[in-house]
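All figures in this text were calculated on a predicted structure; none of them were measured in a lab.
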Amino acid sequence: MSSNSEFEKERQQAGQGFKTVSDIRQRLDILAEHVESRKEALEEEIQEHLHESLANARDSMERIEENIAPKVEKAIRTKLGEIDRKLALMQEDGLEAVREELKKATPHMTEKIMAELDQVVAENIRFTKMEILGEVKGELKKSVESALEPIQEKLDKGLSGMKALAITALILSGLALLGVIALATQ
């Protein structure tokens, strides 16, 4: 019986172990269900908190943007004003540098321009003199021709009379020569 009693003891122990394991298993299932439901509840709670935090963050961002936008705009305007002033100063400095360079270069440029201008003026004077000389010659020629015209007419009239006189004188001198020859020969 001893093996039976041992067996019975072992069976009872095994039964108790099985019951303990079953109880643990049951508790574990309950605990797993509880953990699962708690996990789902926490996930829902986390989701709610997350949505709420995102909404709060959006609201905060909007408020920050509303508060910062005027300050940023003012800062931008201030910086743009500074940039405009610096650009104006740089532009004025640049213009002053150009003025100084022009002052430095002016004598040389003036000398060069004057030399070129002297050449142009000399050429223009020469050209103008030639034109005036041509015009004066033309006018002088016209004046001389108009002044000589009456004299020429008188000469032409007197020349025809002189021609007749010269011919008559030649004839008379030819006759006189013939007469002298005739007398000399007689």
Side-chain angles (χ1 to χ4, degrees), residues 1-139 142:
M1 269 233 212
S2 92
S3 77
N4 238 349
S5 82
E6 273 182 43
F7 177 70
E8 206 40 55
K9 236 184 193 183
E10 284 181 14
R11 194 178 68 77
Q12 278 181 351
Q13 279 180 350
Q16 269 185 343
F18 182 73
K19 187 176 178 188
T20 305
V21 167
S22 290
D23 283 345
I24 291 173
R25 175 83 181 174
Q26 197 175 21
R27 285 184 186 161
L28 244 166
D29 286 343
I30 291 170
L31 185 61
E33 282 179 24
H34 178 72
V35 165
E36 187 63 33
S37 74
R38 184 66 186 141
K39 178 184 160 193
E40 287 174 7
L42 281 173
E43 283 178 353
E44 285 178 15
E45 193 175 320
I46 288 170
Q47 284 287 342
E48 285 176 19
H49 281 292
L50 186 62
H51 287 299
E52 187 177 314
S53 295
L54 286 173
N56 287 341
R58 279 189 207 106
D59 290 345
S60 294
M61 287 299 288
E62 287 174 5
R63 275 186 251 126
I64 289 170
E65 189 176 313
E66 288 171 1
N67 289 334
I68 289 179
K71 292 175 184 174
V72 168
E73 187 176 332
K74 182 180 178 183
I76 289 171
R77 283 189 184 146
T78 303
K79 285 294 179 187
L80 284 174
E82 289 175 15
I83 290 169
D84 284 343
R85 282 189 298 280
K86 286 179 182 177
L87 282 175
L89 285 174
M90 288 173 62
Q91 187 176 19
E92 186 61 37
D93 289 346
L95 285 173
E96 189 59 36
V98 167
R99 285 185 193 117
E100 287 178 21
E101 287 300 316
L102 281 174
K103 282 180 186 176
K104 289 177 187 175
T106 298
H108 176 69
M109 289 172 53
T110 303
E111 186 178 303
K112 186 176 179 181
I113 290 170
M114 290 304 286
E116 290 175 7
L117 187 60
D118 286 344
Q119 288 178 348
V120 170
V121 167
E123 287 176 23
N124 284 343
I125 289 173
R126 196 172 327 123
F127 180 71
T128 305
K129 279 181 181 179
M130 296 296 282
E131 280 185 354
I132 291 172
L133 188 59
E135 289 176 16
V136 166
K137 281 182 180 178
E139 290 294 320
K142 285 180 187 176

Original post:
Just how far is it from atom NZ of K19 to atom CD of Q16, taken to the nearest 0.5 Å?
Top reply: 8.0 Å

**OP:** Please test I83 against K86 for side chain to side chain contact (heavy atoms under 4.5 Å, CB included), starting from the C-alpha separation and ending with a verdict.
**Re:** CA-CA 5 Å; I83 290 169; K86 286 179 182 177; 5.7 Å; no

Original post:
For R11 and E8, what are the C-alpha separation, side-chain angles and deciding distance, and is it a salt bridge (charged side-chain N to carboxylate O under 4.0 Å, His left out)?
Top reply: CA-CA 5 Å; R11 194 178 68 77; E8 206 40 55; 2.6 Å; yes

**OP:** Flag yes if more than 12 heavy atoms outside E131 fall under 6.0 Å of its CD atom; otherwise flag no.
**Re:** yes

Subject >> Residues which pass salt bridge (Lys or Arg N to Asp or Glu O under 4.0 Å) with E123, listed by chain and number, not counting sequence neighbours >> reply: none

**OP:** Output all residues satisfying side-chain hydrogen bond (donor to acceptor under 3.5 Å, both in side chains) with E45, sequence neighbours left out; order by chain, then residue number.
**Re:** none

Original post:
What residues form a side-chain hydrogen bond (donor to acceptor under 3.5 Å, both in side chains) with R58, not counting sequence neighbours?
Top reply: none

Identify every side-chain donor-acceptor pair in residues 24-38 under 3.5 Å, counting partners at least two apart or on other chains, and give the distances.
unit_1, atom_1, unit_2, atom_2, d
S37, OG, E33, O, 3.4
S37, OG, H34, O, 3.0

Original post:
Does E82 have any salt bridge (Lys or Arg N to Asp or Glu O under 4.0 Å) partners at least two apart in sequence or in another chain, and if so, which?
Top reply: K79

Ignoring hydrogens and angles, write down the donor-acceptor pairs under 3.5 Å from the side chains of residues 46-57, residues two or more places apart or on other chains.
unit_1, atom_1, unit_2, atom_2, d
Q47, OE1, H51, NE2, 3.4
S53, OG, H49, O, 2.8
N56, ND2, E52, O, 3.4

